[in-house]
Trainee: 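Take a look at the following structure, please.
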Amino acid sequence: MPQRKRYLFVCVNRRPDGTPKGSCAQRGAVEIHAALKDALKDRGLAKTEVRACTSSCLDVCWAGPAIAVEPDGYFYGRVTMEDVPAIVESLANGTRVERLLLPSNDFDEKTAGPPLPAPKAKPAEGGEP
Ligand code: FES
């Protein structure tokens with residue numbers, strides 16, 4: 001496989017439920033990573049242009065799910081499944097999704113913007129909806 005032009009490092013770190021800091025996996029990062037891989041493949045970018053990799057904690061947990069885009073050196077934050085098509089489209093076009101870019105204040109928990117809402121607990125199988 002050739003070296004890709006870009007690598008997406010999708011934080012899939014998971015902390016135990018109830019941890020105040022939360023984690024990207026708790027906010028859907030595992031599913032986002034899988035969707036990015038599928039979308040990059042479907043778009044024909046996966047083998048030559050962009051590889052979506054998993055990552056451990058990128059230390060911007062409050063702004064997760066977080067993705068580091070290298071070698072460009074920017075981060076996406078508060079990424080949701082709905083953002084995947086826009087991310088892939090921007091990669092195809094050599095642009096960035098400006099609304100998802102983490103500003104410098106988001107790299108410090110004290111000055112960061114608000115996190116995504118905590119995910120709702122899924123009902124147990126066979127349980128009440
Ligand atoms: S858990 Fe994802 S940045 Fe820390």
Side-chain angles (χ1 to χ4, degrees):
M1 287 292 174
Q3 180 178 356
R4 278 43 156 223
K5 291 179 183 165
R6 292 191 171 83
Y7 289 81
L8 306 180
F9 294 97
V10 183
C11 171
V12 293
N13 184 45
R14 180 180 299 278
R15 294 196 173 87
D17 289 345
T19 305
K21 201 176 205 178
S23 62
C24 291
Q26 287 172 311
R27 297 185 181 107
V30 173
E31 294 80 6
I32 290 168
H33 170 257
L36 279 167
K37 282 190 81 80
D38 287 346
L40 289 167
K41 185 178 175 192
D42 290 348
R43 188 66 193 251
L45 300 174
K47 294 202 172 175
T48 57
E49 300 291 317
V50 187
R51 180 164 173 79
C53 307
T54 57
S55 164
S56 59
C57 179
L58 296 169
D59 206 17
V60 288
C61 320
W62 44 88
I67 301 173
V69 183
E70 297 295 344
D72 306 78
Y74 60 86
F75 279 48
Y76 286 141
R78 300 176 186 86
V79 176
T80 68
M81 286 293 277
E82 288 71 34
D83 297 319
V84 168
I87 291 172
V88 172
E89 189 63 28
S90 70
L91 290 163
N93 297 332
T95 59
R96 309 188 301 188
V97 184
E98 299 294 327
R99 65 183 169 78
L100 296 175
L101 290 177
L102 281 188
S104 57
N105 64 291
D106 262 333
F107 286 83
D108 184 335
E109 189 172 9
K110 293 186 189 89
T111 58
L116 286 179
K120 292 187 169 87
K122 292 180 184 164
E125 275 190 39
E128 294 295 314

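In listed order, ligands and their atoms are each counted from 1.
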Trainee: Could you tell me which non-hydrogen atom of Q26 sits nearest to which non-hydrogen atom of R15, and how far apart they are?
Mentor: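 Smallest heavy-atom distance, with atoms named: NE2-O, 3.4 Å.
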Trainee: Could you pull out the closest heavy-atom pair between Y76 and L101, with the gap in Å?
Mentor: CE2-CD2, 3.7 Å
Trainee: Output all residues satisfying ring pair (Phe, Tyr, Trp, His ring centres under 6.0 Å) with F75, sequence neighbours left out; order by chain, then residue number.
Mentor: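 Expected list: F107.
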Trainee: Is a side-chain N or O of R27 found less than 3.5 angstrom from the main chain of A66, in a donor-acceptor match?
Mentor: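 Here the side-chain-to-backbone pair does not exist.
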Trainee: Below 4.0 angstrom from a heavy atom of R15, which ligand 1 atoms are there? Numbered from 1 as shown, please.
Mentor: 1 (S)
Trainee: Give me the protein N, O or S atoms that fall under 2.8 Å of atom 4 (Fe) of ligand 1, sorted by chain and residue number.
Mentor: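 Result, waters dropped: C57 SG, C61 SG.
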Trainee: Taking all non-hydrogen atoms of both residues into account, name the closest pair between W62 and D108 and its distance.
Mentor: CZ2-C, 3.9 Å
Trainee: Is a donor on one side and an acceptor on the other found under 3.5 Å between the side chain of T111 and the backbone of N105?
Mentor: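 Yes, T111 side chain to N105 backbone: donor-acceptor pair under 3.5 Å.
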